[in-house]
Protein chains: 2
Amino acid sequence: MARAKSPSRHALVDSALKLFWKRGYHRVSMGDLVRETGVGRGSLYSDFAGKEALFHACLDRYQETVVTPAFGGVEAKGAGLAEVGQYLDKLLARNAAHPGPDVGCLVLNTLAQVTPEETETLARLKAHGRRLQKGLYQALWQENQKHQKLDEAEIEALARFTLISLQGLWAQSRGSRDIEALRQYCKTLLELLANRLGTDEVTT
Amino acid sequence: MARAKSPSRHALVDSALKLFWKRGYHRVSMGDLVRETGVGRGSLYSDFAGKEALFHACLDRYQETVVTPAFGGVEAKGAGLAEVGQYLDKLLARNAAHPGPDVGCLVLNTLAQVTPEETETLARLKAHGRRLQKGLYQALWQENQKHQKLDEAEIEALARFTLISLQGLWAQSRGSRDIEALRQYCKTLLELLANRLGTDEVTT
DNA sequence: AGGCTATTGGAATGGTCATTCCAGAACAAG
DNA sequence: CTTGTTCTGGAATGACCATTCCAATAGCCT
């Protein structure tokens with residue numbers, strides 16, 4: 001029936017994801033996507049309803065191939081502050097690997113450009129936030145078991161704080177090449193969290 | 001010589017600022033600006049070299065009319081953690097005053113959309129970051145005088161952390177209507193800072 | 001009023017973009 | 001090879017945009 005698709009669907013989405021991530025949704029044209037993916041213009045429109053649908057596929061793939069590998073450790077059963085530290089290390093390592101100004105987080109970049117009308121896109125961004133929040137809550141809860149200094153509401157607040165604060169890390173990484181500043185930020189964040197939870201050293 | 005300008009130059013820039021702030025640089029067209037400001041198309045181009053120059057004027061005016069009123073207290077001589085708390089209160093109050101999803105911070109919104117080529121714009125954004133960083137450093141330094149728990153390098157790191165973390169607050173405020181979450185974030189941030197500085201209560 | 005200058009807003013220009021269309025190429029099966 | 005199907009990529013379409021131009025207009029001074 002169908003002829004073998006030249007680049008597999010995953011490869012296609014990966015190429016598109018790379019472009020969207022680097023330049024942001026609005027700065028990528030369909031022409032760019034045709035050039036980058038190697039897939040014909042007509043085929044793009046028969047595989048996806050349009051530019052926005054393709055972007056949604058990219059957001060989903062981003063969760064699988066970027067968020068899960070980095071954040072999965074925090075979501076794992078029994079994870080604590082140490083796993084949060086490892087997550088931060090992964091973010092820093094990715095940042096250091098890039099040559100130019102970093103690309104930051106696809107979700108956060110999109111958030112700053114999206115309009116209230118693009119409800120489908122917004123829904124995906126919110127789901128991402130809930131995912132991180134939940135993972136952080138579990139890890140902090142686990143860590144709190146050691147000394148039981150906080151009640152559940154306080155852990156909830158601390159997880160929320162961490163999530164919002166982390167968004168600053170991504171925003172910052174877009175504009176600055178100063179990796180040392182980012183490293184220092186991560187170190188301070190971990191110290192503050194450890195301090196509040198009563199854990200005095202964090203072993204990564 | 002010159003005829004009185006219909007809306008004063010400040011009023012013109014204020015109108016443009018409002019639009020840019022709400023919708024972002026790329027989502028505002030010159031047609032929008034003509035409609036909103038009430039100034040003729042030709043006049044806009046004789047007063048400013050183009051859209052980007054007008055935007056730069058808006059960024060400058062943003063510093064004067066938005067940043068200074070909110071952040072000036074932190075920059076004042078002798079300011080400490082209490083003034084940082086007042087600054088956060090002002091941010092929250094502005095957020096609560098808006099009906100729809102908040103506009104966040106013009107500088108941060110722009111940061112997510114700007115390209116590395118727009119050097120003039122980038123320079124202004126970086127200057128903004130330096131301004132906040134400096135103010136925060138001074139306030140934290142002042143607060144640290146009370147108990148002298150930290151050395152200067154640690155204060156520097158704490159100021160950097162606070163700055164990056166605050167960027168998350170603005171990012172978050174764009175996507176969510178959950179003011180309570182923002183309030184909780186501010187509360188937690190202040191507590192963490194106070195804790196690290198040895199100040200146990202923060203009176204605003 | 002009459003002349004001068006600054007301002008105006010509509011039209012024209014040249015560009016980019018998403019999306020649609022379609023004629024032909026590439027492929028598989030008979 | 002022939003037929004039927006899928007894929008391709010260039011061209012066409014219609015929309016939007018920044019910028020430039022310019023004839024008409026509105027205010028100011030003498």
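In what follows, every chain begins at residue 1, and chains take the letters A, B, ... in the order their sequences are listed.
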Checklist entry - Given atom CE of A/Met30 and atom P of D/dA12, what is their separation to the nearest angstrom? => result 20 Å
Checklist entry - CG of A/Leu44 versus P of D/dT6: gap in Å, rounded? => result 18 Å
Checklist entry - Under 30°, 30 to 60°, or over 60°: which ring-plane class applies to A/Phe71 and A/Tyr87, parallel, tilted or perpendicular? => result perpendicular
Next on the checklist: Whole angstroms only, please: what is the CD-P distance between A/Glu118 and C/dA18?
Outcome noted: 13 Å
Next on the checklist: Parallel, tilted or perpendicular: which one describes the rings of B/His128 and B/Trp170, with boundaries at 30° and 60°?
Outcome noted: tilted
Next on the checklist: Measuring from the side chain of A/Ser43 (C-beta onward, heavy atoms only), which nucleotide among D/dT8, C/dC17, C/dT19 has the closest atom?
Outcome noted: D/dT8
Checklist entry - Between atom CZ in B/Arg27 and atom C1' in D/dC16, what is the gap in whole Å? => result 13 Å
Next on the checklist: Rounded to whole Å, how long is the line connecting atom OH of A/Tyr45 with atom P of C/dC17?
Outcome noted: 12 Å
Checklist entry - Does the side chain of A/Arg177 pick up a donor-acceptor pair with the side chain of A/Asn95 at under 3.5 Å? => result yes
Item to check | Contact nearer the 5' end of DNA chain C, comparing A/Tyr25 with A/Gly42 | outcome: A/Tyr25
Checklist entry - Could you give the CG-to-P distance, from B/Leu19 to D/dC17, as a whole number of Å? => result 12 Å
Item to check | Integer-rounded Å distance: D/dC16 C1' and A/Lys51 NZ | outcome: 14 Å
Next on the checklist: Quick one, B/Leu166 with B/Leu132, criterion side chain to side chain contact (heavy atoms under 4.5 Å, CB included). Give me CA distance, side-chain angles, the key distance, then yes/no.
Outcome noted: CA-CA 10 Å; B/Leu166 275 179; B/Leu132 295 189; 5.9 Å; no
Checklist entry - Counting side-chain heavy atoms from CB outward, which of D/dT8, D/dA18, C/dT19 is closest to A/Val39? => result D/dT8
Checklist entry - Which nucleotide in the set C/dT7, D/dA18, D/dG9 lies at the smallest distance from any side-chain heavy atom of A/Arg41? => result D/dG9
Next on the checklist: From CG of B/Asp47 over to P of D/dA18, roughly how many Å is that when rounded to an integer?
Outcome noted: 17 Å
